[in-house]
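Scope of the values below: all heavy atoms of this structure, side chains included, with no hydrogens, waters or symmetry mates.
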Amino acid sequence: MNTKDKKFNSKVIHSGHGADEDTGAVMPPIHLSSTFKQKSPGDFKYEYARTGNPTRDVLEKLLCEIEDGEFGFAFSSGMAAISALSDALGGNYSILSSDDVYGGTRRIFDKIKSVNQNVEITYVDLSKDNNWQGHIKENTKMIWVETPSNPLLKLIDIEKIRKSINNQEIIVVCDNTFASPYNQQPLNQGADVVIHSSTKYLGGHSDIIGGALVINNNPELAEKIKYIQNAVGSVPSPFDCYMLVRSIKTLAVRMERHNNNALEIANYLLKHNKVNNVFYPGLNSDPNYEVAKKQMKGFGGILSIDLKGDINSTKKFLENIEIFTLAESLGGVESLIEHPAIMTHASIDKKIREELGISDTLIRLSIGIEDVNDLKEALDKALSLI
């Protein structure tokens with residue numbers, strides 16, 4: 001069967017590898033060697049593990065197939081993937097980015113790429129028809145789309161963005177970390193590149209740091225990424241590659257539970273008297289709902305809430321909640337909870353945070369796959385204290 005003809009639940013299990021030819025092992029072996037024997041000088045399949053590794057090859061093929069891309073690259077972190085892509089575009093260019101993005105993305109754009117490569121970044125709300133095209137410059141090379149966004153869960157219509165750009169040389173890059181390939185397929189909706197922090201849903205168990213780039217129909221860009229991946233050396237270890245291959249096999253079943261639990265929690269919190277607002281694209285009342293229905297298979301496992309009260313009552317809630325772990329990151333099987341203004345988005349200037357709506361009472365929840373009634377009970381108990 002052609003890979004593209006397989007359903008997603010089959011792709012995550014069977015893509016990237018078959019049984020090992022030498023041993024018949026069902027799972028691909030971990031190749032830990034840092035170097036490889038050459039038949040003759042320059043005659044080799046693998047040379048040096050930074051350049052290429054059989055275990056990483058399996059992961060990269062798998063990433064390609066589950067995102068319906070042509071070229072896949074694994075990195076040691078999501079930030080390393082962002083850096084490699086930015087480097088591949090050169091210097092003295094402009095990026096148009098959605099305004100509500102992960103704090104680390106803003107940090108690398110504003111504090112590193114703008115300083116070292118003279119890259120100009122303009123942040124606009126791409127979720128609205130607000131003439132954002134007017135911010136495209138002659139040297140714009142990339143539109144950066146994070147959908148759903150972090151932490152306000154804004155949805156951006158990827159297909160609409162692609163069709164709204166007259167210059168086809170500008171690449172549309174979608175951070176698909178929050179949705180996962182199970183819920184959203186950006187390359188099939190007009191994006192040129194998909195990026196992941198594979199630490200999150202792809203890994204799914206809070207025990208791997210990794211990043212990924214998947215490119216669609218752009219061999220020139222892929223060649224540049226491959227060169228940078230090798231030259232800079234920000235590659236994942238063979239063991240981490242193996243762990244990601246193992247974890248991705250359960251992505252579909254995990255995401256089904258994440259989606260179901262998050263939707264039920266969002267509806268529950270929407271009616272709670274201690275909650276001002278719930279940000280979740282799966283709610284009928286959410287301004288992003290129609291785009292979410294069109295673009296996503298499921299609505300994801302992340303939601304944010306604005307609590308009634310102040311910073312002190314918000315801290316009290318976070319310090320006393322059970323089951324949920326107060327920690328950064330997301331996408332693991334366990335439920336996590338965090339305070340964006342103090343934790344994940346602290347690197348963003350306070351004025352910008354306030355303009356975006358990242359207030360002192362905003363909380364982000366990564367809903368795990370526990371029993372949803374236990375999660376609701378834990379939330380109710382902690383909310384009763386404020």
Trainee: Keeping Ser94 on the side-chain end and Asn139 on the backbone end, is there a donor-acceptor pair under 3.5 Å?
Mentor: no
Trainee: State, yes or no, whether a side-chain contact exists between Leu153 and Pro148 at a heavy-atom distance under 4.5 Å.
Mentor: yes
Trainee: Could you give the distance from SG (Cys174) to CD (Glu146), rounded to the nearest 0.5 Å?
Mentor: 8.5 Å
Trainee: For a 4.5 angstrom cut-off between non-hydrogen side-chain atoms, does Ser329 reach Thr199?
Mentor: yes
Trainee: Keeping the roles fixed (side chain from Asn320, backbone from Leu385), state whether a donor-acceptor pair exists under 3.5 Å.
Mentor: no
Trainee: Is Lys163 paired with Glu159 through a side-chain N to carboxylate O contact shorter than 4.0 Å?
Mentor: yes
Trainee: Do Ser83 and Lys113 have side-chain N/O donor and acceptor atoms under 3.5 Å apart?
Mentor: yes
Trainee: Check this for me, if you would: do Arg353 and Asp100 make a salt bridge, where the nitrogen-to-carboxylate-oxygen distance has to be below 4.0 angstrom?
Mentor: no
Trainee: Once you round to the nearest 0.5 Å, how far does CG of Leu202 lie from CG of Leu63?
Mentor: 6.5 Å
Trainee: Assess, by modelled atom type and distance only, whether the side chains of Glu67 and Asn176 contain a donor and an acceptor separated by less than 3.5 Å.
Mentor: yes
Trainee: Is a donor from one side chain sitting under 3.5 angstrom from an acceptor on the other, for Asn183 and Asn259?
Mentor: yes
Trainee: So that I can tick it off, tell me whether Glu120 and Lys137 are bridged by a salt bridge, with the cut-off set at under 4.0 angstrom between side-chain N and carboxylate O.
Mentor: yes
Trainee: Kindly say whether Ile136 contributes a backbone atom to a donor-acceptor pair with the side chain of Thr140 at under 3.5 angstrom?
Mentor: no
Trainee: Whether the side chain of Tyr93 engages the backbone of Met142 through a donor-acceptor N/O pair (distance < 3.5 Å, no angle test) should be reported.
Mentor: no
Trainee: Looking at Lys297, I'd like to know if its NZ atom is crowded, meaning that more than 12 non-hydrogen atoms belonging to other residues, nucleotides or ligands lie closer than 6.0 Å.
Mentor: yes
Trainee: Around atom CG of Asn166, are there more than 12 heavy atoms of other residues, nucleotides or ligands at under 6.0 Å?
Mentor: no
Trainee: Using a strict threshold of under 4.0 Å (side-chain N to carboxylate O), is an ion pair present between Asp125 and Lys154?
Mentor: yes
Trainee: Consider only side-chain N and O atoms of Asn216 and Asp192, and report whether a donor and an acceptor are under 3.5 Å apart.
Mentor: no
Trainee: Does atom CD (Glu220) have a neighbourhood of more than 12 heavy atoms from anything else shown, all under 6.0 Å?
Mentor: no
Trainee: State, to 0.1 Å, how close Phe75 and Leu213 come at their nearest heavy-atom pair, and which atoms those are.
Mentor: CE1-CD1, 3.7 Å
Trainee: Say whether Glu256 and Tyr182, considering side chains only, have a donor N or O and an acceptor N or O under 3.5 Å apart.
Mentor: yes
Trainee: Should Tyr201 and His258 be marked as a ring-ring contact (aromatic ring centres under 6.0 Å, His included) after you check the CA-CA gap, both sets of side-chain angles, and the distance that decides it?
Mentor: CA-CA 10 Å; Tyr201 284 113; His258 285 300; 5.1 Å; yes
Trainee: Is it true that Lys226 and Glu223 have a side-chain N and a carboxylate O under 4.0 angstrom from each other?
Mentor: no
Trainee: Mind checking the CD1-CG spacing from Ile248 to Leu62? Nearest 0.5 Å is all I need.
Mentor: 4.5 Å
Trainee: Within the 4.5 Å heavy-atom criterion, are Pro181 and Leu251 side-chain neighbours or not?
Mentor: yes
Trainee: Evaluate the side-chain proximity of Ile143 to Ile171: yes if any heavy-atom separation is below 4.5 Å, no if none is.
Mentor: no
Trainee: Please round to the nearest 0.5 Å and tell me the distance separating atom OG of Ser180 and atom CD1 of Ile302.
Mentor: 10.5 Å
Trainee: Any side-chain heavy atom of Ile311 sitting closer than 4.5 Å to one from Thr361?
Mentor: no
Trainee: Sub-3.5 Å donor-acceptor pair from the side chain of Arg50 to the main-chain atoms of Asn230, do we have one?
Mentor: yes
Trainee: Ion pair present between Lys6 and Glu65, side-chain N to carboxylate O less than 4.0 angstrom?
Mentor: no
Trainee: Rounded to the nearest 0.5 Å, how far apart are OG of Ser206 and CG of Leu336?
Mentor: 5.5 Å
Trainee: Under 30°, 30 to 60°, or over 60°: which ring-plane class applies to Phe36 and Tyr46, parallel, tilted or perpendicular?
Mentor: tilted
Trainee: Counting neighbours of NZ on Lys249 that are heavy atoms of other residues, nucleotides or ligands and sit closer than 6.0 Å, is the number greater than 12?
Mentor: yes
Trainee: Determine whether the side chains of Glu354 and Ser359 contain a donor N or O and an acceptor N or O closer than 3.5 Å.
Mentor: no
Trainee: Kindly check if the number of other-residue, nucleotide or ligand heavy atoms within 6.0 Å of NZ (Lys294) is above 12?
Mentor: yes
Trainee: For the side-chain contact (heavy atoms from CB on, under 4.5 Å) test, which of Asp380, Asn277, Leu379 pairs with Leu269?
Mentor: Leu379
Trainee: May I ask you to decide if the ring planes of His272 and Tyr268 are parallel, tilted or perpendicular, using 30° and 60° as cut-offs?
Mentor: perpendicular
Trainee: Tell me, yes or no, whether the heavy-atom count around Tyr48 atom OH, taken from other residues, nucleotides or ligands under 6.0 Å, exceeds 12.
Mentor: no
Trainee: Can you tell me if Gln295 and Gln184 form a side-chain donor-acceptor pair at under 3.5 Å?
Mentor: yes
Trainee: Can you name the closest pair of heavy atoms from Asp360 and Ala341 and give their distance?
Mentor: OD1-CB, 4.1 Å
Trainee: Parallel under 30°, tilted from 30 to 60°, perpendicular over 60°: which one fits the rings of Tyr102 and His345?
Mentor: perpendicular
Trainee: Give a yes or no on whether a salt bridge exists between Glu169 and Lys141, defined as a side-chain N under 4.0 angstrom from a carboxylate O.
Mentor: no
Trainee: Under a 4.0 Å N-O cut-off, is there an ion pair linking Glu60 with Arg56?
Mentor: yes
Trainee: If I take atom CG from residue Leu330 and atom OG from residue Ser197, how far apart are they, to the nearest 0.5 angstrom?
Mentor: 7.5 Å
Trainee: Is there a salt bridge (charged side-chain N to carboxylate O under 4.0 Å, His left out) between Arg257 and Asp371 once you walk through the steps?
Mentor: CA-CA 10 Å; Arg257 177 59 70 87; Asp371 188 287; over 6 Å; no
Trainee: Closest heavy-atom contact between Leu187 and Gly69?
Mentor: CD1-CA, 3.5 Å
Trainee: Hydrogens and angles aside, do Glu70 and Asn217 bring a side-chain donor and acceptor to less than 3.5 Å of each other?
Mentor: no
Trainee: Quick check on side-chain contact (heavy atoms from CB on, under 4.5 Å): which of Leu270, Leu303, Asn288 does Leu283 satisfy it with?
Mentor: Leu270
Trainee: Is the number of heavy atoms from other residues, nucleotides or ligands under 6.0 Å of Glu322 CD greater than 12?
Mentor: no
Trainee: With Arg106 as the cation and Tyr123 as the aromatic partner, state whether NZ or CZ is under 6.0 Å from the six-membered ring centre and within 45° of the axis.
Mentor: yes
Trainee: Quick one: does any side-chain atom of Thr314 pair with a main-chain N or O of Asp310 as donor and acceptor, under 3.5 Å?
Mentor: yes
Trainee: Please check if any side-chain donor atom of His205 sits under 3.5 Å from a side-chain acceptor atom of Glu334, or the reverse.
Mentor: no
Trainee: Would you check, one step at a time, whether the test side-chain hydrogen bond (donor to acceptor under 3.5 Å, both in side chains) holds for Gln229 with Ser234?
Mentor: CA-CA 6 Å; Gln229 183 193 45; Ser234 52; over 6 Å; no
